[in-house]
Amino acid sequence: MNSTEILDKDCLTAVKLLPTVIEVTSQERRMIKDAALHLQKKYDTYENRDFIKHVHQLASYFLPERILNIAADFASDFSENQYGALVFTGLMDIDQEEIGSTPPNWQSADYSKFNLYGFACALIHGALPSKPVQYYSQRKGGGLIHAIIPDEKMKETQTGSGSATDLYVHTEDAFLKHQADFLSFMYVRNEEQVPSTLYSIRSHESIGEKYRPLFEPIYKIPKDANLETGSSEEETLDSVLYGNYSLPFMRFDAAEQLFNPSIRQSDEAQNTLHEFWEEARHLIYSGFTPQAGDVILVNNHLCAHGRSAFRAGVRNIDGVEQPCERRIMLRMMSKVSLIDMRAHTLTEDPFFVIEEHLGKNFQHF
């Protein structure tokens with residue numbers, strides 16, 4: 001299913017593994033919208049726990065068969081040819097007038113405007129062996145979907161609210177032991193035409209012996225830039241690669257592990273990470289610019305994500321800069337097993353994860 005791209009037309013042996021791109025048909029798009037409308041009428045909100053409990057059965061019933069099968073195959077494929085990202089172009093029609101002007105930040109977003117799209121995202125996760133979950137560390141417990149919106153006050157930061165600098169590729173919440181297994185990114189608005197960046201651990205020709213040290217638990221994995229790291233957490237160590245030596249998984253955050261001067265990795269860890277990054281950075285894919293209604297599905301153990309720098313609220317048309325509505329992206333996360341993380345969820349709500357850092361729970365819970 002995965003596609004390859006000739007990097008050098010003069011060298012036909014030079015190929016690169018790429019995310020699979022699926023063009024959603026108008027009939028499939030209509031079926032997904034009709035399903036979302038029906039489910040909205042029945043459950044009111046995608047946050048409804050009865051909806052989440054039955055999301056697998058509902059996905060099997062409502063999703064177009066082709067979309068259901070593609071997503072299910074993607075979720076169970078960990079082979080050397082699986083990039084770890086699946087792009088659905090035109091999954092939903094976005095009503096831009098209904099969305100209205102982009103709010104100044106995620107805190108002021110009106111989530112009722114995204115309700116229909118939340119059902120569509122949840123159904124895609126329902127095609128996987130994975131339940132949508134929310135993390136207390138994300139927005140301090142703010143919902144199953146997060147609106148990612150550029151914030152002028154945070155434009156220089158390495159966060160989803162940033163814009164002025166490239167957001168380094170990272171696996172989501174690398175600092176959590178029970179980080180999400182799968183992510184979906186639905187693009188509600190991208191008038192600035194900002195490319196997304198993806199990096200797959202499967203893009204390397206071979207991991208080999210030289211990266212065996214990445215399997216050692218010697219690396220500091222600090223929290224994201226918008227979260228404060230406690231003194232005891234600064235010394236918590238884990239590996240960057242894990243699982244099978246030939247076909248590994250990864251937890252990796254380039255910005256925090258490599259380029260945050262306060263982290264103070266050991267010399268061994270720093271040298272290995274730099275050597276790894278020198279190869280990895282050339283394997284980052286930025287050839288896809290999402291349009292409104294596109295969805296990127298990511299295996300968070302195989303594929304890291306980021307985005308290019310951009311001027312929020314400005315688009316370039318034939319060399320002329322014009323004002324536009326700032327981008328809006330919706331992110332949903334899901335976990336395959338709710339059992340092995342039960343000690344890190346609310347007792348009455350297995351879909352609400354309260355893990356703070358590599359297995360540590362928030363103290364006030």
Side-chain angles (χ1 to χ4, degrees), residues 22 24 27-77 86 88 91-94 111-136 138-139 141-147 172-173 178-186 188 293 295-301 330-355:
I22 304 298
V24 179
Q27 182 180 9
E28 290 169 334
R29 185 160 48 251
R30 183 71 231 178
M31 289 176 66
I32 292 170
K33 183 177 181 180
D34 286 347
L37 287 167
H38 172 82
L39 293 168
Q40 181 175 243
K41 184 176 181 180
K42 180 176 181 179
Y43 292 103
D44 186 48
T45 171
Y46 58 85
E47 296 275 358
N48 186 309
R49 290 317 193 244
D50 284 335
F51 168 65
I52 298 302
K53 287 177 185 177
H54 300 108
V55 71
H56 298 309
Q57 297 95 314
L58 293 167
S60 180
Y61 183 81
F62 283 107
L63 280 178
E65 184 176 6
R66 185 177 76 109
I67 301 298
L68 183 71
N69 290 338
I70 288 171
D73 289 345
F74 168 79
S76 59
D77 183 4
L86 187 59
F88 291 104
L91 187 85
M92 285 286 283
D93 289 322
I94 307 294
Y111 277 81
S112 67
K113 295 181 181 296
F114 308 135
N115 198 40
L116 193 68
Y117 310 124
F119 279 106
C121 286
L123 281 178
I124 292 297
H125 284 269
L128 316 171
S130 199
K131 294 283 193 187
V133 292
Q134 61 177 309
Y135 289 86
Y136 187 79
Q138 296 280 355
R139 310 290 189 254
L144 291 176
I145 271 189
H146 305 121
E172 193 69 27
D173 295 338
H178 300 280
Q179 76 273 33
D181 293 321
F182 295 97
L183 315 170
S184 65
F185 300 99
M186 176 176 281
V188 173
V295 170
I296 300 180
L297 191 61
V298 172
N299 181 322
N300 195 41
H301 301 277
L330 304 178
R331 177 186 60 204
M332 181 174 280
M333 300 180 276
S334 63
K335 282 292 293 180
V336 168
S337 173
L338 300 180
I339 295 177
D340 66 354
M341 60 188 284
R342 198 65 177 97
H344 304 285
T345 64
L346 289 184
T347 304
E348 69 278 10
D349 189 352
F351 311 116
F352 193 163
V353 187
I354 57 174
E355 183 185 0

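Sequential numbering from 1 along the given sequence is applied to the chain's residues. Since the structure is predicted, the reported quantities are computational estimates derived from the model, not experimental observations. Computation of the quantities below employed the complete heavy-atom set of this structure, encompassing side-chain atoms and omitting hydrogens, waters and symmetry-equivalent molecules.
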Discussion item. Please check this pair: side chain of R29 against backbone of V24, looking for a donor-acceptor N/O pair closer than 3.5 Å.
Written reply: yes
Worksheet entry | Nearest atoms (heavy-atom pairs only) where N299 meets F74 | N-CZ, 3.7 Å
Worksheet item: Got a second to check how far F88's CZ is from S184's OG, nearest 0.5 Å?
Response: 10.5 Å
Worksheet entry | Test item: I124 and M186 side chains (from C-beta on) under 4.5 Å apart, heavy atoms | no
Worksheet item: Between atom CG of D181 and atom CE of M333, what is the distance when rounded to the nearest 0.5 Å?
Response: 11.5 Å
Worksheet item: Side-chain contact, heavy-atom cut-off 4.5 Å: V353 with K335?
Response: no
Worksheet entry | Nearest heavy atoms of A59 and L68, plus distance in Å | O-CD1, 3.8 Å
Discussion item. Using ring centroids (six-membered ring only for Trp), state whether F114 and Y46 fall under 6.0 Å.
Written reply: no
Worksheet entry | Side chains of L338 and T345 in contact at under 4.5 Å (non-hydrogen atoms) | no
Worksheet item: Hey, what do you get for CD (E28) to CG (L91), rounding to the nearest 0.5 Å?
Response: 9.0 Å
Worksheet, complete the sentence: Heavy atoms of L128 and H56 approach each other most closely as O-CE1, 3.1 Å
Worksheet item: Which is it for L123 and I32 under the side chain to side chain contact (heavy atoms under 4.5 Å, CB included) test, yes or no, and what are the steps along the way?
Response: CA-CA 9 Å; L123 281 178; I32 292 170; 5.5 Å; no
Item to complete: Give, for atom CD1 of I52 and atom CG of L58, the distance between the pair rounded to the nearest 0.5 Å.
Response: 9.5 Å
Discussion item. Any heavy-atom pair between the side chains of R49 and D349 that's under 4.5 Å?
Written reply: yes
Worksheet item: For the side chain of N300 and the backbone of L183, is there at least one donor-acceptor N/O pair under 3.5 Å apart?
Response: no
Worksheet item: Are there more than 12 heavy atoms of other residues, nucleotides or ligands under 6.0 Å from atom CD of Q27?
Response: no
Discussion item. Once rounded to the nearest 0.5 Å, what's the spacing between atom CD of E65 and atom CE of M31?
Written reply: 9.0 Å
Item to complete: Answer yes or no: is there a donor N or O on one side and an acceptor on the other, between the side chain of R342 and the main chain of T347, under 3.5 Å?
Response: yes
Practice prompt. Could you check if a side-chain atom of V336 sits within less than 4.5 angstrom of a side-chain atom of F182, using non-hydrogen atoms only?
Written response: yes
Worksheet item: Looking only at heavy atoms, what is the nearest atom pair of A127 and L63, with distance?
Response: CB-CD1, 3.9 Å
Worksheet entry | Heavy-atom side-chain proximity of L116 to M92 below 4.5 angstrom | yes
Item to complete: Kindly assign one of parallel, tilted or perpendicular to the pair Y43 and F119, based on the angle between their ring planes and the thresholds 30° and 60°.
Response: tilted
Response to the item:
Between Y136 and I354 the two heavy atoms that sit nearest each other are CB-CA, 4.1 Å
Item to complete: Decide if atom CD of Q57 counts as having more than 12 heavy atoms of other residues, nucleotides or ligands within a radius under 6.0 Å.
Response: yes
Worksheet entry | 4.5 Å side-chain heavy-atom contact, K41 and L37 | no
Discussion item. Using side chain to side chain contact (heavy atoms under 4.5 Å, CB included), reason through R66 and I22 one step at a time and then give a plain yes or no.
Written reply: CA-CA 10 Å; R66 185 177 76 109; I22 304 298; 3.7 Å; yes
Item to complete: From the options H178, Q179, Q138, select the one residue that forms a side chain to side chain donor-acceptor pair (under 3.5 Å) with D173.
Response: Q138
Worksheet item: Rounded to the nearest 0.5 Å, how far does CD1 of I94 lie from CG of L330?
Response: 7.5 Å
Discussion item. Side chain to side chain contact (heavy atoms under 4.5 Å, CB included) for E355 and M341? Distances and angles first, verdict last.
Written reply: CA-CA 9 Å; E355 183 185 0; M341 60 188 284; over 6 Å; no
Worksheet, complete the sentence: Closest non-hydrogen atoms of I145 and M332, given as atom of the first, atom of the second and distance, are CG1-CE, 3.4 Å
Worksheet entry | Side-chain heavy-atom pair Y111, E47 within 4.5 angstrom cut-off | no
